[in-house]
Undergrad: 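For reference, the structure I am asking about is given below.
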Amino acid sequence: MSAISGTSAIVGIGATEFSKASGRSELQLACESVVAALDDAGIHPSEVNGMVSFTMESSSEIHVARSIGIKEQTFFSRVAHGGGAACGTVAHAAAAITAGLADVVVCWRAFNERSGQRFGLGQADRPMDISADRAYYSWLTPYGLSTPAQWVAMAAQRYMHEYGATSRDFGQIAVIDRKHAATNPHAWFHKRPITIEDHQNSRWIAEPLHLLDCCQETDGGQALIVVSAERAKDLKHKPAWVTGASQGIAEDQLMMTSYYRPEITGLPEMKLVADQLWEQSGRRPDDMDAAILYDHFTPFVLTQLEELGFCGRGEAKDFIADGHLDTDGKLPLNTHGGQLGEAYLHGMNGIAEAVRLIRGESVNQPKQVDDVVVTAGTGVPTSGLVLSADR
Amino acid sequence: MSTDTSYEERLQAFVGREVIARRKGQDAVNQAMIRHWVEAMLDDNPIYTDAEAARATGRNGVVAPVTMTQAWTMRGLKAHLAGTGGGAMSELLALLDEGGYTSVVATDSDFEFHRELEIGDEVDADEVVAAISEEKATGLGIGRFVTTVRTYRDQHDRVVAVQNWRTLRFKPGTGRSAKPAEEEKPRALRPRPAINLDNQFWFDAAKEHRLVIQRCADCGQLRHPPGPACPHCQSFDWDTLEASGEGTVYSYIVAHHPPHPAFEYPLLIAVVELAEGTRLTTNLVGVEPADVTIGMPVRLEWLDADPDLTLPVFRPVTEQEQ
Ligand SMILES: [Zn+2]
């Protein structure tokens, strides 16, 4: 086990409602979720001395801090690359705590992603500039390849070709997520499960992806409180120990369109994250009692099962068909309903669900959960966590 | 009307005819116009402005950029506003109007440059019809491609340049995406590329209908999308290789939603693996979505999407062509 393992824990989670039109500013959503998470932890805002969010976050740490009474910060950072940042925020917090730079760190993400600027509408008409990041879109958008669904679809088509997976295999992920969301009162799709036929009959977004392969664009905020082992001792809830926390960028990484690698059927950046998680935590895939896998689009859930080591390359479809991902299976998946069923909160709501699983408080709680793996955005530079009941 | 034999005959009678008689440019080749041109083009090659520098390259003195050739013969704003100026070209245009081909879009302009112009040279040009195609259904509408050849000569009757000039004359409202006239709107422009110092060479080459691949000048590795350095040997020196245009479909999608007003849907977008080994993202043309397969051989075509944007697209190679 490495230095970062077991030195910090998530002790508070808080969120706004998940909606399609919050009617409030993104800053207010951020503040509401942070206040709720601190309240859940039983920690006063004045004790916070570190804050981490996404580079995409529109409300910086100074605005959140002055709004809710966070006073002095000795550590603050932002993690880049969209949803790939989710677990990275906790990794930064854990690293800062391990290094002694802070001991109560807030991680959060809040946006009006549905009622404001929807990612799903694509990059085509966003303003241009000559930065390397923006100029890269020159290879995509002039051909109409501008949305995340399209970017994932290109890799998914090749995956299907090489491994014989089908749209129905992808659809199984949607069915499982929606089944779990159906019993989650906070989920957008509460009480609205789907069948595989519903998935197959849903309209095309970007073949081979149907509408029901795509996540729920959401307005809302989600915050997490990460504290040192010392501070975690006497709090309200059982700590969810951070036993693994890693980030990954792999060779020839691009933004959801790493089409120029020798193979495009894998997610080598997630393999890099996974290798670190298992090494840091001293745990193996078989030790995981549940998995919260980033599911903006279904196909990459299959790829992640493979890269994390739950099954071999191209075997995810069989692993899913064997029923392992149900709440009574060996690896219950996205028990909150995932981003397809609960909300697309850039992966942060999945980390909160992993904390509930460790606490034994999920609405779809499997029997006993001692260790959960959580992943962040796929296709982008990414990150992951192992949260554990024991250090 | 346009398919009448008599109409076809009248049209084809123009092939080989001089439609614009030899016409001299307004001014002789001069330093002032050259200077304005090279400044606008940001071209600081001294052979255009410095006689000594030009002589050092074996020339007699300052020369005009070859890309200016057409400029010496332009008639100017006044003549342009006065109309086409009669003659056989006016007759041809009237005949095309009679056939319903009242809209026009320029499609190709190829130049062959034979000699450089020096200060004092006088340039003239004539234009001859080379071909008028049969009626074709194009994306813009039903029309005919009209190809003319403009020959530029100097005062000694020496050929300076030959320009093949192709336009599509089409019937408005007959394109594949045509809507009733009252709804007709010009199609939005494709999303603009963000051109910077690292990618400009590629888009410039595309405008000349050349698909280039960046190549490390030290180790020879090809790379795309391009970048300023070689990831294999860290060299910052590079040149380009012109791709053969042959490739295969590596992966593809059929985009449906959300639609962008520049495109027709369903839209085929593919990652094509070139024969040279690099891949690029592109569109597939001339094929229905259901007929696309991974591994399918495809060949380069050029899409002049709008005056500022030319993109490589790919069309499946038929079995006969293989
Ligand atoms: Zn090299």
Side-chain angles (χ1 to χ4, degrees), chain A residues 118-162 202-211 214 251-252 254-255 257-265 299, chain B residues 188-200 202-203 206 223-228 231 249-273 277-284 289-290 292-295 303 305-306 309-313:
Chain A
R118 295 177 64 180
F119 303 159
L121 294 181
Q123 295 287 324
D125 292 326
R126 299 271 175 99
M128 288 187 297
D129 62 50
I130 57 166
S131 68
D133 283 347
R134 198 69 228 167
Y136 173 65
Y137 287 102
S138 302
W139 307 111
L140 311 174
T141 56
Y143 306 95
L145 189 70
S146 77
T147 71
Q150 294 167 348
W151 298 330
V152 171
M154 190 71 80
Q157 183 87 269
R158 184 76 199 185
Y159 180 93
M160 294 164 80
H161 172 76
E162 291 195 20
S202 67
R203 67 188 167 105
W204 290 120
I205 297 298
E207 295 176 54
L209 298 195
H210 288 275
L211 175 68
C214 308
E251 187 173 357
D252 205 4
L254 286 165
M255 213 288 303
T257 50
S258 302
Y259 302 149
Y260 313 97
R261 292 166 164 168
E263 293 182 352
I264 67 166
T265 52
Chain B
L189 295 181
R190 286 188 173 221
R192 305 286 87 186
I195 307 287
N196 69 7
L197 292 172
D198 296 322
N199 65 20
Q200 182 165 7
W202 192 92
F203 287 95
R223 56 183 193 261
H224 185 85
V249 173
Y250 187 77
S251 192
Y252 69 96
I253 69 163
V254 188
H256 293 265
H257 187 83
H260 183 284
F263 303 97
E264 287 182 54
Y265 292 85
L267 172 68
L268 272 167
I269 310 168
V271 171
V272 163
E273 188 160 283
T278 57
R279 298 186 197 131
L280 82 165
T281 300
T282 184
N283 293 119
L284 297 180
V292 179
T293 55
I294 286 177
L303 173 71
D306 58 65
L309 184 66
T310 297
L311 296 170
V313 297

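Numbers restart at 1 for each chain; the letters A, B, ... are given by sequence-line order, proteins then strands.
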Undergrad: Contact part of B:P312 toward chain A, heavy-atom cut-off under 4.5 Å: side chain, backbone, both or neither?
TA: both
Undergrad: What distance separates B:I253 CD1 from A:L145 CG, expressed to the nearest 0.5 Å?
TA: 5.0 Å
Undergrad: Flag the one option from A:H161, A:E251, A:E207 with the top tally of heavy-atom pairs under 4.5 Å to chain B.
TA: A:E207
Undergrad: Using every non-hydrogen atom in the two residues, find where B:L311 and A:P142 come nearest and quote the distance to one decimal.
TA: CD1-O, 3.7 Å
Undergrad: Do you know which of A:Y137, A:W139, A:W204 has the most heavy-atom pairs under 4.5 Å to chain B?
TA: A:W139
Undergrad: Can you say whether A:T257 sits under 4.5 Å from chain B via the side chain, the backbone, both, or neither, judging by heavy atoms?
TA: neither
Undergrad: Quick one: which of B:Y252, B:Y250, B:F263 has the most heavy-atom pairs under 4.5 Å with chain A, could you say?
TA: B:Y250
Undergrad: Would you find a donor on one side and an acceptor on the other, under 3.5 Å apart, between the side chain of B:S251 and the backbone of A:M154?
TA: yes
Undergrad: Contact part of A:T147 toward chain B, heavy-atom cut-off under 4.5 Å: side chain, backbone, both or neither?
TA: side chain
Undergrad: Run the side chain to side chain contact (heavy atoms under 4.5 Å, CB included) test on A:I264 and B:R279 for me, step by step, so that the C-alpha distance in whole Å, both residues' side-chain angles and the decisive distance to 0.1 Å come before the verdict.
TA: CA-CA 12 Å; A:I264 67 166; B:R279 298 186 197 131; 3.9 Å; yes
Undergrad: By a 4.5 Å heavy-atom criterion (distance strictly below it), what part of B:L267 contacts chain A: side chain, backbone, both, or neither?
TA: side chain
Undergrad: So how far is it from A:Y260 OH to B:L280 CG, rounded to the nearest 0.5 Å?
TA: 7.0 Å
Undergrad: As an exercise: rank B:T282, B:N199, B:V313, B:D198 by heavy-atom pairs under 4.5 Å with chain A and give me the winner.
TA: B:T282
Undergrad: Roughly how far, to the nearest 0.5 Å, is the OG atom of A:S138 from the CH2 atom of B:W202?
TA: 9.5 Å
Undergrad: Is it true that atom CD1 of A:I130 has more than 12 heavy atoms of other residues, nucleotides or ligands lying nearer than 6.0 Å?
TA: no
Undergrad: So what's closer than 4.5 Å to chain B heavy atoms on A:R261: side chain, backbone, both or neither?
TA: backbone
Undergrad: Counting heavy-atom pairs closer than 4.5 Å to chain A, which one of B:G295, B:G227, B:A270 comes out on top?
TA: B:A270
Undergrad: Considering only heavy atoms, which portion of A:D129 lies under 4.5 Å from any heavy atom of chain B: side chain, backbone, both, or neither?
TA: backbone
Undergrad: Going from CE on A:M160 to CD1 on B:I294, what distance comes out if it is rounded to the nearest 0.5 angstrom?
TA: 9.0 Å
Undergrad: Give, as side chain, backbone, both or neither, the part of B:I195 having an atom under 4.5 angstrom from any heavy atom of chain A.
TA: backbone
Undergrad: What distance do A:R134 atom CZ and B:N196 atom CG have between them, rounded to the nearest 0.5 Å?
TA: 12.5 Å
Undergrad: Out of curiosity, A:R203 CZ to B:H256 NE2, how far, rounded to the nearest 0.5 Å?
TA: 10.5 Å
Undergrad: Counting heavy-atom pairs under 4.5 Å with chain A, which one of B:A188, B:A262, B:P226 comes out on top?
TA: B:P226
